[in-house]
Amino acid sequence: MKALTLPGRSVPAAGTTPRPRRRSRRFNGPLLAGLILFGLLVLAAICAPLITKADPTAQDLTQALLPPGSRGHLLGTDRFGRDTLARLLYGARIDLRVGVLAVVSPFLIGTVLGLVSGWFGGWFDTLVMRIVDMVVAFPFFVLVIALVFALGPGTGSIYLAITLVGWVAYARIVRGEVLVAKNQEYALAARASGLPTWRILLRHLLPNVVLQAIVFSMSDIVLSILAIVTLGYLGLGVPPPTPDWGSMIQDGQQFMLTHWYLAALPGFAVVITGLALALIGDGLVERMNLR
Amino acid sequence: MGFVLYIGRRLLAAVPVLFGTTLIVFFMIHLVPGDPAVTLLGTHATPQAVAALHAQMGLDQPVWRQYLDFLGRLLHGDLGHSFFYQSSVTSLILGRISATLWLILAGAIFAVLVSVPLAVWAASRRGGLADHVIRTVPLLGLGMPAFWLGIMLILLFALKLGLFPVSGYGTTFAQHVQGIILPGLTVALALTPILVRSLRTSMINVLGSDYITTARAKGIGAGRTIAGHALRNAAVSSVTVLGVNIAYLVGSTLVVERVFSLPGVGTQMIDAIFNRDFPVVQGVTMFFAVMVVAVNLLTDVAHAGLDPRVRLS
Amino acid sequence: MSEVLAVEGLVQQFEGRYGLADRIARRPRPALRAVDGVDLVLREGETLGLVGESGCGKSTLSRCVVGLYRPTAGVVRLAGEPIAGTPTRAQRRFVQMVFQDPYSSLNPRMTVGQILGELLRYHRIVPRDQVAKRSRELLDLVGLPYRALGQTPRQFSGGQRQRIGIARALALEPKVLIADEPVSALDVSVQANIINLLLDLKQTLGLSMIFVSHNIAVVRQVSDRTAVMYRGRIIETGPTEQVFLEPSHPYTRLLLGSVPRLVTHVAAGGAATAIPAEPVPPAALPTATAEVGGCRYRDRCPVALPACATEPGLRLISDDGEEGHLAACQHVPG
Amino acid sequence: MSPLLEVEDLHVEIPLPHGTLHAVRGVSLTADAGEAVGLVGESGSGKSLTLRALLGLLPQPARISSGRIVLDGVDVTALPARERRRRLTGAMGMVFQDSLTALNPVMRVGAQIAEAPRRKLGMSAAQAKARAVELMERVGIPDPERRYRAYPHELSGGMRQRICIAIALSGRPRLILADEPTTALDVTIQAQVLGVVESLRRAEGVGLILVSHDLAVVSETCRRIYVMYAGRVVESGPILDVLSAPRHPYSFALLRSVPDPDAPVHRLLTIPGQPPDLMETAAGCSFAPRCLFAADACREQDPPLVALPGDRATACLRHEEADRWSDLVAGLATVEEV
């Protein structure tokens, strides 16, 4: 039952020319740069007490509005004499933590709902998609702000508000991927071989559809950090005096002519965080395309 | 015929969505922890005031009854009464609507004027220096808070260069135009990074597609190929990309109005939040949803006008 | 030879979207009868070729047989037992499928070892400690090296992937193999490899096979019996040699006449001349969404009669074969 | 008389992030006026890129790295880009494999046909439209006046491909380049479309270069054939001679591995292995690893394309033994039977 070949030759059909398909490298440029940058940000936030001795909430009106480079205050002080560097670092603790954690439950809820509604279709799918349509009719920031207002101040409200609004994006992405994947022949083969549905969903579909959701979660973290910062700027975020980049920008806004850096510096912090996550997202896409 | 039917279909599809948004807006009040009336009035409110508010908000009725009332009033254009002002929410919104519409329009125009040329430029010089710059610089902008960008633009253009007013909207048309440029630019630039990146991808798809090769094979000249074949297809994908992101643009007007002290609906919502003026917050939230649905319908119309395939589906 | 698989009166209908706007515009509810009343018998050890053009319903039919769709009407019988609702585990094992696209038919995130091992374990084909050994045997069977077990599909070429797909189907030790266009996505120089492999495996493992293809030459090469499908129906069926040498249905004649042929000897003076001067038919869709009534080939048929307004059933032309040679045409004396 | 089109030693390269893919490696071919020429090979053989290079339509980032394209005795590769494009597109029209993507989805098909007459041949709008309708009629589109206003997605695959042929003809070319024009079509439609191409070729005296993976399609349509493998022409000559007595093991094996609809064989010949990766350049004949008759010399030496009598050529070191190949393979088959 061998293919017709000359005697004394092996069957070369089987991988004698190992295809030098470019091995998908674990890390590529953008991914590595993004991970390092984000890692440094997280490290700085965790090690805040080691980097500066200053207390981010300690007021000292005699030291108010010092310019960057002052003795003992590398990045200067705000109008209450609080150290800007310390506030930036401790602000990172709040903003990064809330930003990353706020994405976890939307990710899980949206992925599960998208997987189930895409696979089974029917009335459940219709219901989920109707709710999705309703939620996406609202601009993200508007609904989050309105919900935080209704729920009252505090980080708990922020988590809940972002979860209530954020899951729809994941549900949409995952459902779309599932609709494509479930008609791919590998999914048909799994069904034809009689594997149970839960196994097909978890073992065959999920690993193939979840990547898009992971890539999206990178920009979603940016979005949720933007939401927290915006809430802080509007005075609806983490209550003072806890430092937060958004409230720092708001504080600094009134000294724009004389001390522009007070509003500018926390903004740069957000921009750099966004850059790091965008690089990670781009890197992940590039890695996926290589496959 | 196909066109009319398609638009009719889209209009019909918008009805349940709008209906659904009223559900969300209505149930917002039930998210308020504890007794909404107490929370809204503060803990030292008199029992009489709480009871009066209960009656006014209809909180003494069963939930389905409250919703039907809400819906019924909504159908008559009645969004309730402000707690803070002696005025209906509808008239408050109508009084502020023009600045917001202006801002959305200016933002959308600026967004197109900035992103489309950049995307076309990057796509036509694929792999070149311009492409690399246009691809990487927006990465810096993805995490840029719109309000912060606004502050920075004020700092540069209004305070340092004195080209535009720092804030406000004036009273005359000329002042309106002058006052809307910086906020419009802010709204647009906040969206540009996302827009440029997805537009670039779709432009590359258009320029690399087989029908462009067919057109080139005809030997009708590069200019004619671009004008006759690339542009309209590029417009189709631009409209699609814009439609996907328009909700983000509409949403960012909320904070940007605040930064530039524009007398728009967004500023009103934030004022209402600080005044704990629940009906106004609800009303404005609803207004924003209607705006998004309306803008989406407009993009659908534009899409159907540009692309004959859409009308068929 | 005994029957291993039979299909009776099979109908598979797909419903399209029907929204409120369609209801208001009083549009008819869109429905597509991809398979519209098919009877089929597969006997032990034989290869049945199923040919037809795109959209004729041959793929839908094969997917019904492996239980991927629940038929709108009709039954599929495996070894005499009808599939009732969802196929049982034993029924799943009885009939397995080899898919068309070697690139999308294998899960890109699983190694070959995982793909095979999962099936061997779930269906308890062999004891758990024998799974690795059995996987290697399967690779032997399809001519792949053992190191393939640790590799993911993308490390293989199209032909090798198709071998993995065949190994996966064989893992369940089926009696019937459905090959749905197994070579159409492959390079011409690799197609013969897979065709020969399938024929060899059929022989050594005693399989019965339904070979679905649009490639008429391949079907003639591999099958004992041939069935021709057109718009959801079988319009001619019989022993392969008879169908090819004495096609009875006008559509079968057109189909066989349209196949490009290698011209190796022709009178001097130029290229081949045998290009069928077929009158150009109206641009009708190959699958009708609405009921036309009558013979479904009527609108393209050069020899249509008034009698063709009633749809003919399959009529017996000769019965020297096991199942006989049948065609659904009014020109065949009833 | 010099041929209409002459290609000499054409090389096409695709620069990729991980290296350069040498896709076409020194192809030479000629096409006389009114002649039908076939270019056969499987995916990755470089046949489509060769065809696209002729019209200057290489997809990004592929480029011609060397070679000459001579049109009407003029070396167009030496001309400035604008003039080169004017000459090439003036003399040739192209038909692609996938008619759905090859047509502009937002433009009426009639307008797409009328474009070249209007812009290139300088006709008035009315003349161009009349020409388009006439062309649609010639390629066998019923009711052309009405179909003129249709969009591509409103037509069937066969109709669309006819539109593409009409577009290719619209600029009054002397040579049509067709890249797998019927591969996406059903056999019955394929026969119709090939029939249209053939009758137009005869009626108008337009030449044809047909690229296909299907030997049978080429044999029914063309008078001469070029067989390509791994970016090279491995055999060429009058089609009947090549098909009845191939002088290269690749064409020989290909002919025996493809089933014949009229004559099923006991067993198809298989070509082991798969086409080489063009990122790497190994020494020796690129077909040697899969060749049934390869000797040590074949793995060391790159065989040149040598001319044979009867306007034929082959790139095989052992082509003189070609007459024995059949017996060798037949003997093998019986041995394997036992």
Side-chain angles (χ1 to χ4, degrees), chain A residues 30 34 130-152 157 160-161 164 218-219 221-223 225-227 229-230 233-236 245-246 249-250 252-253 256-257 260 263-264 266-279 281-282, chain B residues 13-14 16-21 23-25 28-34 36 39 138-149 151-152 154-155 159-160 193-194 247-255 258-259 266 269-270 272-274 276 278 281-282 284-285 288-293 296:
Chain A
R130 283 279 171 278
I131 299 175
V132 168
D133 285 345
M134 289 169 195
V135 178
V136 295
F138 294 95
F140 179 78
F141 287 138
V142 172
L143 195 54
V144 167
I145 290 169
L147 289 174
V148 170
F149 161 65
L151 290 163
S157 303
L160 189 54
L164 285 173
M218 292 302 135
S219 55
I221 295 176
V222 178
L223 199 63
I225 291 177
L226 283 180
V229 173
T230 305
Y233 172 76
L234 296 175
L236 294 165
W245 294 339
I249 297 175
Q250 191 214 359
Q253 194 180 358
M256 244 188 325
L257 257 185
W260 61 273
F268 286 133
V270 187
V271 168
I272 290 169
T273 314
L275 174 67
L277 291 163
L279 284 172
D282 274 17
Chain B
V17 171
L18 279 176
F19 179 76
T21 57
L23 263 174
I24 291 178
V25 168
M28 260 169 54
I29 190 100
H30 293 275
L31 283 177
V32 179
T39 315
L139 286 175
L140 280 168
L142 288 173
M144 193 147 54
F147 62 89
W148 182 76
L149 179 66
I151 294 171
M152 293 299 120
I154 290 176
L155 184 66
L159 295 177
K160 299 277 184 210
I194 305 172
Y248 188 87
L249 188 143
V250 172
S252 61
T253 62
L254 176 77
V255 210
R258 170 90 177 166
V259 174
M269 175 164 171
I270 290 159
I273 286 176
F274 285 112
R276 305 210 61 77
F278 210 96
V281 176
Q282 270 185 317
V284 174
T285 311
F288 273 110
V290 174
M291 281 314 300
V292 171
V293 172
N296 277 337

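To find a chain, count down the sequence lines: A is the first, B the second, and so on, and within it residues start at 1.
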Practice prompt. Could you go through the side chain to side chain contact (heavy atoms under 4.5 Å, CB included) check for B:I24 and A:L143 one step at a time?
Written response: CA-CA 10 Å; B:I24 291 178; A:L143 195 54; 4.2 Å; yes
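- Interface check for chain B: of the options A:V222, A:V136, A:L226, A:L160, the most heavy-atom pairs under 4.5 Å are formed by A:L226.
- Atom CZ of residue B:F278 and atom CE of residue B:M28 lie 4.5 Å apart, to the nearest 0.5 angstrom.
- Interface remark: B:F147 contributes side-chain atoms only to the contact with chain A (heavy atom separation under 4.5 Å).
- Ring pair B:W148/A:F268: centre-to-centre distance below 6.0 Å.
- Interatomic distance, A:I145 CD1 to B:L254 CG, rounded to the nearest 0.5 Å: 4.5 Å.
- Remark: B:I154 CD1 to B:L159 CG distance equals 7.0 Å, nearest 0.5 Å.
- Looking at A:L234, both its backbone and its side chain come within 4.5 Å of chain B, counting heavy atoms on both sides.
- Between chain A and the residues B:Q282, B:R258, B:R276, the largest count of heavy-atom pairs under 4.5 Å involves B:R276.
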Worksheet item: Could you go step by step and tell me if B:M144 and A:V270 meet the side chain to side chain contact (heavy atoms under 4.5 Å, CB included) rule?
Response: CA-CA 7 Å; B:M144 193 147 54; A:V270 187; over 6 Å; no
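- Contact annotation for B:I273: both backbone and side-chain heavy atoms come within less than 4.5 Å of a heavy atom of chain A.
- With a 4.5 Å cut-off on non-hydrogen atoms, B:I29 does not touch chain A at all.
- Remark: A:F140 engages no residue in a ring-ring contact (aromatic ring centres under 6.0 Å, His included) (not counting sequence neighbours).
- Here the straight-line distance linking atom CG of B:L140 with atom CD1 of A:I272 works out to 8.5 Å at 0.5 Å rounding.
- In this structure, chain A has a heavy atom under 4.5 Å from the side chain of B:I270, while its backbone stays farther away.
- Both the backbone and the side chain of B:V259 come within contact range of chain A, judged by heavy atoms closer than 4.5 Å.
- When heavy atoms are compared at a cutoff of 4.5 Å, A:L223 approaches chain B solely by way of its side chain, counted from C-beta outward.
- With a 4.5 Å cut-off on non-hydrogen atoms, B:F274 touches chain A through its side chain but not through its backbone.
- If you tally non-hydrogen atom pairs under 4.5 Å between each of B:T253, B:L249, B:V281 and chain A, the highest count goes to B:V281.
- If you measure heavy-atom distances from A:T230 to chain B, the contacts under 4.5 Å come from both the backbone and the side chain.
- Neither the backbone nor the side chain of B:M291 comes within less than 4.5 Å of any heavy atom of chain A.
- When the candidates A:I131, A:V142, A:L151 are compared by the number of heavy-atom contacts under 4.5 Å with chain B, A:V142 comes out ahead.
- Per-residue counts of heavy-atom pairs under 4.5 Å with chain A were compared for B:L149, B:L155, B:V293; the largest is that of B:L155.
- A distance-only check finds a donor-acceptor pair linking the side chain of A:S157 to the backbone of A:G152 [under 3.5 Å].
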Item to complete: Might you work through the side chain to side chain contact (heavy atoms under 4.5 Å, CB included) test for B:V292 and A:F138, ending with a clear yes or no?
Response: CA-CA 7 Å; B:V292 171; A:F138 294 95; over 6 Å; no
